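We name chains A, B, ... by the order of the sequence lines, and we start the count at 1 in each one. Quick caveat, the model's predicted, so the values are computed rather than measured.
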Amino acid sequence: MTPRVRFAPSPTGFLHVGGARTALYNWLFARSSGGTMILRSDDTDEERSTPEYAADILDSMRWLGLDWDEGIDTGGPHGDYRQSARLERYRAVADRLVEAGGAYYSFATPEQLDAFRDEARAAGTAPSYDGRFDVDQADAVKRIAAGERPTIRFQVPRPGRTTFEDIVRGEVSFDHSQVDDFVILRSDRTPTYHLASTVDDVDFGITHVVRGEDLLSSTPKHILLTEAMGADPARYAHLSLLMGPDGKKLSKRHGHTAISAYRDAGYLPEALVNYLALLGWNPGEDATVLPLNEMVDRFDLTAVSKNPAIFDTDKLEWMNGVYIREMDPAEFVNQIIASIEADLARPLTDGDRARLVAMAPHVQERTKLLTEIGDQVAFLLVDEVEFDEASWAKVMTKPGVADILDAAGERLAAIDDWDVRSIEETLRGMIADLEIGAGKGFQPIRVAVSGSTVSPPLFESLEALGRETTLERVRRARSLVG
RNA sequence: GCCCCCAUCGUCCAGCGGCCUAGGACUCCGCCCUUUCAAGGCGGCAACGGGGAUUCGAAUUCCCCUGGGGGCACCA
């Protein structure tokens with residue numbers, strides 16, 4: 001039997017890094033085992049679900065390069081893969097369970113339940129509801145006819161115990177005294193997560209449930225429900241959760257955790273996916289940077305780490321730099337032109353484009369985030385440079401700067417062919433004649449043309465800038481030096 | 001409170017009874033290269049939470065403690 005796995009996000013929020021990692025592990029498992037990847041929408045919470053979140057999840061999945069064989073948008077043999085479209089099915093399962101005696105109408109009030117839980121807690125026993133307020137099912141029909149709206153609860157066999165072999169954790173066991181008679185159908189006859197999710201897993205033939213560890217203690221419920229439906233439970237693999245830098249569960253408090261926020265911050269999907277994969281799995285042979293297709297070859301669900309992992313942006317940033325450097329140069333140019341036009345909110349002139357194209361390879365080498373490119377190349381696109389205060393103070397107030405700028409202006413003006421080679425030759429000749437070092441001789445020119453002590457390589461920058469602009473900027477800086 | 005999971009450098013991962021004076025990557029710090037900044041090269045700092053037990057021998061097995069995480073809803 002070929003594996004069938006699913007990623008089943010709830011459209012009550014953006015796709016965040018934790019969810020994306022779960023999706024990725026499901027995807028890697030499917031692709032490495034010749035299995036089927038299914039994308040489902042667990043949207044039974046009408047209140048909190050929104051179309052915007054649903055769209056964000058799809059967009060983010062696609063952006064990351066994670067596709068699916070069946071599911072929302074793509075369809076498949078099981079019809080609609082959104083739970084909101086399958087409500088009748090869940091009701092039918094719940095009703096049949098009541099008929100078969102595996103579930104019961106519950107009229108227990110919230111007050112009763114609260115009181116019971118408080119007492120249990122105080123007594124040091126498990127606060128799991130065991131049906132004690134619903135012993136009498138005989139008049140359930142009458143009460144319903146009279147207008148009461150009960151929930152339907154699953155009857156957990158007690159005493160009892162559910163034990164299963166988790167693929168990443170090994171044997172896990174829960175005593176049924178810890179498992180409450182959980183609600184499967186609410187009083188408004190909408191299904192709870194436990195019901196909808198389990199029914200779908202059974203109906204869709206899911207063989208492996210790969211999900212977050214937060215669902216580990218709900219697993220007995222899902223196994224019990226599956227068995228009550230007369231089906232064989234899937235294999236379960238519970239992934240440890242992702243934490244913030246403070247060791248706490250990753251949340252909005254740690255800043256943006258949405259995948260789309262990383263896209264906007266200038267990360268490459270390849271880098272994000274690579275980094276996420278390494279959070280809890282190691283491909284062996286000290287491999288760190290490896291593309292999705294190579295991960296597929298090496299992926300092994302049983303080798304996934306049990307430790308919770310901290311989402312650490314330092315390493316992600318480094319990896320992003322690696323992927324940027326590995327990018328196809330032409331693709332890099334396209335990316336930066338698009339992103340800079342978006343920043344400037346205007347189309348680039350032909351001259352701007354030419355300058356960017358010339359500079360691109362040198363920028364590509366020193367970029368960690370796509371979003372920082374704008375600053376690096378700003379000097380190529382403005383009419384007049386703005387001088388960074390610290391840079392000016394550091395180099396332009398030194399003695400001899402005026403002479404250096406004068407000499408540079410003079411010699412650069414005399415160049416016949418304005419290219420890197422002659423620019424370098426000229427300026428090196430200048431510092432030799434002036435008997436000064438490269439640092440002392442070149443930094444004033446750098447600040448004059450770029451506004452900062454930090455810039456892409458000098459000779460290449462001058463070439464890209466063009467003779468006129470270069471000379472103009474050297475003159476202006478010279479006049480400001482006094 | 002009850003239950004479940006986890007425990008190696010600051011972080012992510014190797015290690016699955018002797019090969020460990022614990023390895024790699026990120027970060028950080030030096031040095032080299034160098035026109036700045038990066039990149040790259042070389043080097044360095046840095047960890048088996050504690051206590052028992054098993055064993056000739058434990059990072060590796062078992063138990064307890066401690067610590068961290070998760071769950072205990074008519075949310076998912």
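The side chain of A:Arg48 lies closest to B:A76, out of B:A76, B:C4, B:G70. Of the candidates B:U35, B:C5, B:G70, the closest approach to any side-chain atom of A:Val172 belongs to B:C5. Here B:A73 is the nucleotide among B:C4, B:A38, B:A73 with the atom lying nearest to any side-chain atom of A:Arg117.
Within the nucleic acid shown, A:Ser10 comes within 4.0 Å of sugar-phosphate atoms alone, with no base atom in reach, counting heavy atoms only. Using a 4.0 Å heavy-atom distance criterion, A:His238 is classed as making no nucleic acid contact. Among the atoms of the strands shown, base atoms are found under 4.0 Å from some heavy atom of A:Pro457. As judged by a 4.0 angstrom heavy-atom cut-off over every strand, A:Thr192 is placed among residues touching the sugar-phosphate backbone only. Among the atoms of the strands shown, only primed sugar atoms or phosphate atoms (P, OP1, OP2) are found under 4.0 Å from some heavy atom of A:Met243.
Between A:Phe174 and A:Phe164, the ring-plane angle classifies as parallel under the 30° and 60° cut-offs.
Aromatic rings from A:Phe442 and A:Phe459 are positioned such that their centres are separated by under 6.0 Å. Residues A:Phe311 and A:Tyr275 place their aromatic rings such that the two centres sit under 6.0 Å apart.
Two residues are said to be in side-chain contact when any heavy atoms from C-beta on lie closer than 4.5 Å; A:Leu268 and A:Met327 meet this criterion.
Put simply, A:Asn307 has no side-chain N or O that comes within less than 4.0 Å of OP1 or OP2 on B:C6. At the phosphate of B:A25, neither OP1 nor OP2 sits under 4.0 Å from any side-chain N or O atom of A:Asn282. Of the side-chain N and O atoms in A:Arg325, one or more sit less than 4.0 angstrom from OP1 or OP2 of B:G40. Using a 4.0 Å cut-off, no side-chain N or O of A:Thr367 falls inside it from OP1 or OP2 of B:A38. Between A:Arg153 and B:C74 there is a side-chain polar atom (N or O) within less than 4.0 angstrom of OP1 or OP2.
Straight-line distance between the P atoms of B:C62 and B:A7: roughly 11 Å, to the nearest whole Å.
Remark: P of B:A76 and CZ of A:Arg6 are 14 Å apart, rounded to the nearest angstrom.
Side-chain atoms of A:Ser187 come within donor-acceptor range of the base of B:C74, with a qualifying N/O pair under 3.5 Å.
Figure legend: cation-pi geometry between A:Arg21 and A:Tyr25, with NZ or CZ positioned under 6.0 Å from the six-membered ring centre and within 45° of its axis.
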Assign a letter to each nucleotide of nucleotides 26-34 of chain B from its 5' end: B, base within under 4.0 Å of a protein heavy atom; S, sugar-phosphate only; -, no contact.
SS-------
Tell me, for nucleotides 58-66 of chain B in 5' to 3' order, what letter each nucleotide earns: B for a base near a protein heavy atom under 4.0 Å, S for only sugar-phosphate near one, - for neither?
---------
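The backbone N or O of A:Gln83 sits nowhere less than 3.5 Å from a side-chain atom of A:Asp200 that would complete a donor-acceptor pair.
Of all non-hydrogen atoms in A:Trp281 and A:Asp300, the two that sit nearest each other are NE1-N, 3.8 Å.
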